[in-house]
2 protein chains.
Amino acid sequence: MSKAERVSQAEKATIGLRSLIMEGAFHPNTRLREVALAERLGTSRTPLRQAMDTLVAEGLLERAESGGCRVTSLDIDDICDSIELRGVIEGTAARLAAERGADPELLAQGEALLEGLDRSVAEPANIDFPTYVRLNGKFHNLLAKLPGSAVIQRELERVNRLPLASPTAFLREQDLVPDFMRSLIRAQGQHRAILEAIRDGEGTRAESVAREHARLARNNFAFLTKAEPHLATRIPGLALVTSE
Amino acid sequence: MSKAERVSQAEKATIGLRSLIMEGAFHPNTRLREVALAERLGTSRTPLRQAMDTLVAEGLLERAESGGCRVTSLDIDDICDSIELRGVIEGTAARLAAERGADPELLAQGEALLEGLDRSVAEPANIDFPTYVRLNGKFHNLLAKLPGSAVIQRELERVNRLPLASPTAFLREQDLVPDFMRSLIRAQGQHRAILEAIRDGEGTRAESVAREHARLARNNFAFLTKAEPHLATRIPGLALVTSE
DNA sequence: TAGGACTACAATGTATACAATTATTCGTCA
DNA sequence: TGACGAATAATTGTATACATTGTAGTCCTA
């Protein structure tokens, strides 16, 4: 709080534009006009163009053939593939951590996070959902660090930024899933299994559980969007999905 | 030849800067000075800064804490991890292609490439090496397309651009590896096995062979740099590796 | 009326001027 | 002599002016 974060225009533009896109301010495939957008974001074209480059790298925008950018149009399968890919890389992180032996300090942090997650879902009638979401994010961030490889960490964090791919992307909307409580408890069991396998040096197990964990998210997402499209509109970022 | 490709200043800067870095024009961790570099590349700061953003995304540069960019410093293990990760994603592409059924047209193209590769290594005494390298690159590009997923294709192509991670990154220096011929023939066998498994819908097999295929590259790289560092200097891009 | 070319306009790409920040050097004081 | 600090230089970040490229509309012609 005390730290008056100095924020550059470029960051401001990136954050602002990302928000606009995720909120669905533009239809998929909309061509972005630089002058108008810059004015709307309260900055000039230079940092806006930087922001556009960033969002192209993140997959929210695509370069248009004759210059400029369009808002990415994804379909549900694209997002499922992003989640699958995230699971694959998370699985690799878990496997490498197990094979190489993870830092005990980080493992201890993981244990602490697991206990916090346990507590937040302990009473099925009265779940501390914000806490669960926060700790879940921290747990997955920890997973990226566990193999002690800058490359793996960076690339996993990158894939987490793909539209709707991150472990927390639509978690807060899991109350839309009918057997949501069961899904949450299963997910927490998987968290524990992953960390256990890493601690015990069981690379193959760590990898397969991490993959399965992502598939739980993927299936929830697919169920929501396919079976309950009217509810799915509450998912932020879904505006990128072309309605069909 | 006839097509007079109109090349933008930004592309010129990106290509030029990437070349400089790969050739080892800067030591790892060198801070890049924009005005001097822009002049050296024959362009202005604006497209240069774009190029720097691009190369940051590719992993060749890193943002410095107080603005600007530094040349990335990698160690050998970082590059091994990049190759491992490439193998993991290639394996996923192969598995998904097998599970979903790949486009017969693309599979036929793959068969044709395999035959070309076979021909180029048919006579151990007189290998057509440039052809092998070219077809090998095409084969791996095809692999990225086979699952028919824009997300998978894009992310695999991205990981291929990580420093020294691509399937052809240091292939042309495999003549430095003592049992180079054996390695090449084994790699070609793996190519065939991957395509076979995809065609037969054997996802698990496709994935594991593709992973093993990348590990062959990884091991060759590790051998070269660890056992024969004086020879390894011939590998382009190795300038990114901090000498220790 | 359809097609093509020319013209005017609008949007992007590039260069540069300017502002803000960071690094450096020199001087002074302990 | 060493350390702190102010002044200054160097460098990055931002805005804007300019150049170039794409686009659409209209008018002319077949």
Side-chain angles (χ1 to χ4, degrees), chain A residues 2-21 25-73, chain B residues 2-21 25-73 161 240:
Chain A
S2 56
K3 200 174 185 177
E5 286 278 345
R6 178 100 193 104
V7 64
S8 70
Q9 292 295 92
E11 290 174 61
K12 196 175 101 180
T14 306
I15 294 168
L17 182 51
R18 193 190 288 123
S19 300
L20 282 178
I21 295 171
F26 316 99
H27 290 179
N29 285 322
T30 304
R31 173 86 169 266
L32 296 183
R33 294 292 148 80
E34 297 181 358
V35 279
L37 240 187
E39 191 171 358
R40 186 166 173 183
L41 292 168
T43 183
S44 74
R45 282 179 61 214
T46 306
L48 169 61
R49 285 170 63 89
Q50 264 186 267
M52 286 164 73
D53 286 343
T54 303
L55 297 186
V56 165
E58 288 185 11
L60 268 63
L61 296 177
E62 291 172 333
R63 302 226 159 282
E65 50 304 315
S66 57
C69 289
R70 287 194 318 271
V71 176
T72 297
S73 171
Chain B
S2 57
K3 200 175 186 178
E5 287 278 342
R6 181 99 197 111
V7 63
S8 69
Q9 292 294 94
E11 289 174 62
K12 196 174 100 181
T14 305
I15 294 168
L17 181 51
R18 193 190 290 122
S19 301
L20 281 178
I21 295 171
F26 317 98
H27 290 182
N29 286 321
T30 305
R31 173 84 169 268
L32 296 183
R33 293 295 148 77
E34 297 181 357
V35 277
L37 240 187
E39 191 171 356
R40 185 166 174 185
L41 292 168
T43 182
S44 75
R45 283 178 60 216
T46 306
L48 169 62
R49 285 170 63 87
Q50 262 185 268
M52 286 164 74
D53 287 343
T54 303
L55 297 187
V56 166
E58 287 184 12
L60 267 63
L61 296 178
E62 291 173 332
R63 302 225 158 284
E65 49 306 314
S66 58
C69 289
R70 287 195 319 272
V71 176
T72 296
S73 171
R161 282 192 293 270
L240 288 161

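Chain identifiers are assigned alphabetically (A, B, ...) following the order of the sequence lines, protein sequences preceding nucleic acid strands; residue numbering begins at 1 within each chain. It should be emphasised that the depicted structure is a prediction, and the values quoted were computed from it without experimental measurement.
- As rounded to whole Å, 11 Å separates atom P of D/dG13 from atom CG of B/L48.
- B/R45 has its CZ atom 18 Å from the C1' atom of D/dC18, to the nearest Å.
- Nearer the 5' end of DNA chain D, as judged by each residue's closest nucleotide, is the contact made by A/Q50, out of A/G67 and A/Q50.
- Put simply, OG1 on B/T54 and CG on A/D53 are 6.5 Å apart, with the number rounded to the nearest 0.5 Å.
- Residue B/M52 contributes atom CE, which lies 13 Å from atom P of D/dT11 at whole-angstrom precision.
- Nucleotide D/dG13 holds its P atom 17 Å from the NZ atom of A/K12, rounded to whole Å.
- Here the closest heavy-atom approach between residue B/A38 and residue B/R45 is recorded as CB-N, 4.0 Å.
- Both A/S66 and A/A10 lie near DNA chain D, and the one whose nearest nucleotide falls closer to the 5' end is A/A10.
- The distance from atom CZ of B/R70 to atom P of D/dT12 is 13 Å, rounded to the nearest whole Å.
- In this structure, the separation between CZ on B/R40 and CG on B/L20 is 5.0 Å, given to the nearest 0.5 Å.
- Along DNA chain C, read 5' to 3', the first and last nucleotides having any atom under 4.0 Å from a heavy atom of chain B are C/dT14 to C/dA23.
- Listed for the B/T72 side chain is a donor-acceptor partner under 3.5 Å among the backbone atoms of B/L61.
- The CD atom of B/Q9 sits 11.0 Å away from atom OG1 of B/T14, with the distance rounded to the nearest 0.5 Å.
- Among the protein residues, A/R63 comes within range of no part of the nucleic acid, since none of its heavy atoms lies under 4.0 Å from any strand.
- One atom, CD of B/E34, and another, C1' of D/dA10, lie 12 Å apart when rounded to the nearest Å.
- For A/R70 and A/E65, the salt-bridge test passes: some basic side-chain N is under 4.0 Å from an acidic carboxylate O.
- Contacts of A/T46 with the nucleic acid, taken as non-hydrogen atoms under 4.0 Å apart, include base atoms.
- A straight line from CG of B/L32 to C1' of D/dA10 spans 16 Å, rounded to a whole angstrom.
- Annotation: the span from B/I21 atom CD1 to B/L32 atom CG amounts to 6.0 Å, rounded to 0.5 Å.
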